[in-house]
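Each chain gets a letter, A, B and so on, in the order the sequences are listed, and its residues count up from 1.
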Protein chains: 2
Amino acid sequence: MKIGELAKRSGLSAYTIRYYERIGLLPYADRDQSSQRDYDASILTWIEFLGRLKTTGMPIRQMLQYAALREQGADTDRQRRELLERHRERVRNHVAELQACLLVLDTKIAGYAGSEKRTKPHDAEQPRQQIRTRQAGAR
Amino acid sequence: MKIGELAKRSGLSAYTIRYYERIGLLPYADRDQSSQRDYDASILTWIEFLGRLKTTGMPIRQMLQYAALREQGADTDRQRRELLERHRERVRNHVAELQACLLVLDTKIAGYAGSEKRTKPHDAEQPRQQIRTRQAGAR
DNA sequence: CTAGGGGTTGGAGTGCACTCTAAGTCAATA
DNA sequence: TATTGACTTAGAGTGCACTCCAACCCCTAG
């Protein structure tokens with residue numbers, strides 16, 4: 001599988017895949033006769049797992065630690081487990097925090113009682129309002 | 001209350017408070033005779049709420065929208081409520097996603113069976129491993 | 001009266017995680 | 001054969017959210 005195909009299958013961009021390889025998050029891929037990366041489908045499992053770590057807010061530096069231990073293989077099991085356990089704990093705390101925020105949000109929303117009907121059927125999410133730096137009125 | 005005091009009370013740095021004012025997330029603060037910011041304690045409630053939005057992953061651009069509606073006051077209630085409702089939905093989805101990841105993490109950790117005792121009692125979290133760009137070996 | 005410890009401003013710098021560009025190679029198709 | 005499109009590399013650029021700096025001002029205690 002070439003990089004374009006892997007990009008499609010993994011959801012990462014080819015840019016990101018190369019970047020991950022460069023920093024060591026993905027193992028250095030075998031190249032074919034014309035020095036193009038040739039991937040084995042098994043890489044998808046690893047990318048998917050990295051995605052979970054990312055979703056749960058693990059910084060790349062820590063993923064690198066995990067990746068390094070994984071490449072060392074032998075006898076790093078305990079360290080990997082401990083790393084994941086510490087991460088799990090952080091994620092659990094974060095979830096709890098989010099749930100507390102949701103309660104606050106519920107209260108706040110309940111405060112805006114009434115006004116059941118909506119103006120336009122969902123007006124354009126985000127006018128990409130420019131951040132003004134006070135002095136800079138014109139660009 | 002001057003900015004240093006507000007920083008202490010709010011948990012934000014004075015830098016951040018000025019930054020938030022600059023971009024419009026905090027209202028322009030009254031200045032005293034020597035043009036130093038003088039805050040009313042009521043600002044803390046707003047900062048705390050902003051903190052909730054931030055914790056739940058709302059980007060600053062969207063907080064600005066909310067802040068702008070709030071400053072306009074009158075008749076923006078419905079829009080503010082809708083904005084918060086959309087945000088709440090995103091947060092709920094995110095929490096669900098995190099919980100799914102936690103299950104994966106549990107499974108993964110369970111896979112690293114045994115190895116009950118730990119080497120060193122918690123070795124230094126993060127050696128701040130440098131991101132290598134392959135070609136750049138020396139800095 | 002002077003030293004210290006706040007504060008003020010505009011603007012520059014930082015860290016993270018990508019994202020893209022330029023210039024080139026290569027294989028397959030019109 | 002010519003061109004298209006996917007790939008290669010090193011390195012530059014982007015967007016976000018701060019974080020800090022330089023040079024200055026102002027008040028209070030010793």
Side-chain angles (χ1 to χ4, degrees), chain A residues 1-26 28-39 47 50-67 126 128-139, chain B residues 1-26 28-39 47 50-67 126 128-139:
Chain A
M1 180 175 19
K2 288 192 287 178
I3 201 170
E5 180 69 10
L6 180 61
K8 246 169 248 161
R9 286 192 198 281
S10 68
L12 298 179
S13 73
Y15 294 139
T16 305
I17 294 170
R18 291 195 202 95
Y19 167 69
Y20 279 2
E21 179 182 302
R22 206 158 45 185
I23 66 174
L25 206 46
L26 292 179
Y28 184 80
D30 296 340
R31 308 301 207 260
D32 68 10
Q33 68 295 344
S34 59
S35 71
Q36 297 195 352
R37 290 168 182 81
D38 188 16
Y39 291 100
I47 290 178
L50 286 178
R52 305 279 181 183
L53 296 182
K54 179 168 146 58
T55 295
T56 51
M58 185 185 282
I60 280 188
R61 263 199 320 286
Q62 213 164 119
M63 294 190 214
L64 279 174
Q65 288 218 329
Y66 186 83
Q126 284 287 72
R128 205 152 241 271
Q129 186 175 9
Q130 220 221 327
I131 286 178
R132 47 190 154 100
T133 18
R134 184 162 304 289
Q135 72 288 4
R139 48 155 300 155
Chain B
M1 183 177 11
K2 285 192 288 178
I3 201 170
E5 179 68 12
L6 179 61
K8 245 168 251 165
R9 285 190 198 281
S10 67
L12 299 180
S13 72
Y15 293 139
T16 304
I17 293 170
R18 291 194 202 95
Y19 167 68
Y20 279 1
E21 179 183 300
R22 206 157 48 185
I23 67 175
L25 206 48
L26 292 179
Y28 184 82
D30 296 340
R31 307 301 204 260
D32 67 13
Q33 69 293 347
S34 59
S35 70
Q36 300 195 349
R37 290 167 184 81
D38 188 16
Y39 292 100
I47 290 178
L50 287 177
R52 306 280 182 181
L53 295 182
K54 178 168 148 56
T55 294
T56 51
M58 184 185 282
I60 280 189
R61 264 202 317 287
Q62 211 164 117
M63 293 190 214
L64 279 174
Q65 288 217 329
Y66 186 83
Q126 285 285 75
R128 206 152 240 267
Q129 185 175 11
Q130 218 220 329
I131 286 179
R132 47 189 154 103
T133 17
R134 184 162 302 291
Q135 72 289 2
R139 49 155 301 154

Colleague: Could you give the CD1-to-C1' distance, from B/I60 to D/dG15, as a whole number of Å?
Modeller: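 So the CD1-C1' distance, B/I60 to D/dG15, works out to 12 Å.
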Colleague: With a 4.5 Å heavy-atom cut-off, do A/I47 and A/Y39 have their side chains touching?
Modeller: no
Colleague: Partners of B/D32 by side chain to side chain contact (heavy atoms under 4.5 Å, CB included), sequence neighbours excluded?
Modeller: B/S34, B/Q36
Colleague: Out of D/dC18, C/dC18, D/dT19, which has the shortest distance to the side chain of B/K54?
Modeller: D/dC18
Colleague: Distance from A/R18 atom CZ to A/I3 atom CD1, nearest 0.5 Å?
Modeller: 4.0 Å
Colleague: Below 3.5 Å, does any donor atom in the side chain of B/R61 face an acceptor in the base of D/dG15, or the other way round?
Modeller: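 Flag unset: no donor-acceptor pair detected.
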Colleague: Identify the pairs formed between an N or O of the protein and an N or O of nucleotides 7-9 of chain D at a distance under 3.5 Å, and give each distance.
Modeller:
unit_1: D/dC7; atom_1: OP1; unit_2: A/G4; atom_2: N; d: 2.8
unit_1: D/dT8; atom_1: OP1; unit_2: A/R37; atom_2: N; d: 2.6
unit_1: D/dT8; atom_1: OP1; unit_2: A/R37; atom_2: NH1; d: 3.0
unit_1: D/dT8; atom_1: OP2; unit_2: A/R18; atom_2: NE; d: 3.1
unit_1: D/dT8; atom_1: OP2; unit_2: A/R18; atom_2: NH2; d: 3.3
unit_1: D/dT8; atom_1: OP2; unit_2: A/R37; atom_2: NH1; d: 3.2
unit_1: D/dT9; atom_1: OP1; unit_2: A/R31; atom_2: NH2; d: 2.9
unit_1: D/dT9; atom_1: OP2; unit_2: A/R37; atom_2: NH1; d: 2.9
unit_1: D/dT9; atom_1: OP2; unit_2: A/R37; atom_2: NH2; d: 2.7

Colleague: Could you tell me which non-hydrogen atom of B/E21 sits nearest to which non-hydrogen atom of B/R37, and how far apart they are?
Modeller: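 Heavy-atom minimum between the residues: OE1-NE, 3.0 Å.
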Colleague: Can you check the B/D32 CG to D/dC26 P distance for me, whole Å?
Modeller: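 Interatomic distance, CG of B/D32 to P of D/dC26: 11 Å.
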Colleague: Output the rounded distance in Å from CG (A/L25) to C1' (C/dC16).
Modeller: 14 Å
Colleague: Whole angstroms only, please: what is the OH-C1' distance between B/Y39 and C/dT8?
Modeller: 12 Å
Colleague: Go through C/dC18, D/dA17, D/dC27 for me and flag the one nearest to the A/T16 side chain.
Modeller: C/dC18
Colleague: Calculate the interatomic distance between A/I47 atom CD1 and C/dA17 atom P; express it in whole Å.
Modeller: 17 Å
Colleague: Are B/Y20 and B/I60 close enough that some pair of their side-chain heavy atoms sits under 4.5 Å apart?
Modeller: yes
Colleague: Give the rounded distance in Å between these two atoms: CD of B/Q33 and P of C/dT8.
Modeller: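 Those two atoms, CD and P, are 12 Å apart.
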Colleague: Rounded at 0.5 Å granularity, tell me how far CG in A/L12 sits from CG in A/L50.
Modeller: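 The CG atom of A/L50 is 8.5 Å from CG of A/L12, to the nearest 0.5 Å.
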Colleague: Between A/S35 (side chain) and A/R31 (backbone), is there a donor-acceptor pair under 3.5 Å?
Modeller: no
Colleague: Without decimals, in angstroms, what is the distance between A/L64 CG and C/dA17 C1'?
Modeller: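 Answer to the nearest Å: 12 Å.
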Colleague: Think A/Y20 has a side-chain N or O under 4.0 angstrom from the OP1 or OP2 of C/dA17?
Modeller: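 For C/dA17, OP1/OP2 do not have a side-chain N/O of A/Y20 under 4.0 Å.
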Colleague: Which one, C/dG10, D/dG11, C/dT21, comes nearest to the side chain of A/Y15?
Modeller: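 For A/Y15, the side-chain atoms sit closest to C/dT21.
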Colleague: Provide, to the nearest angstrom, the distance between the CD1 atom belonging to A/I17 and the P atom belonging to D/dA6.
Modeller: 15 Å
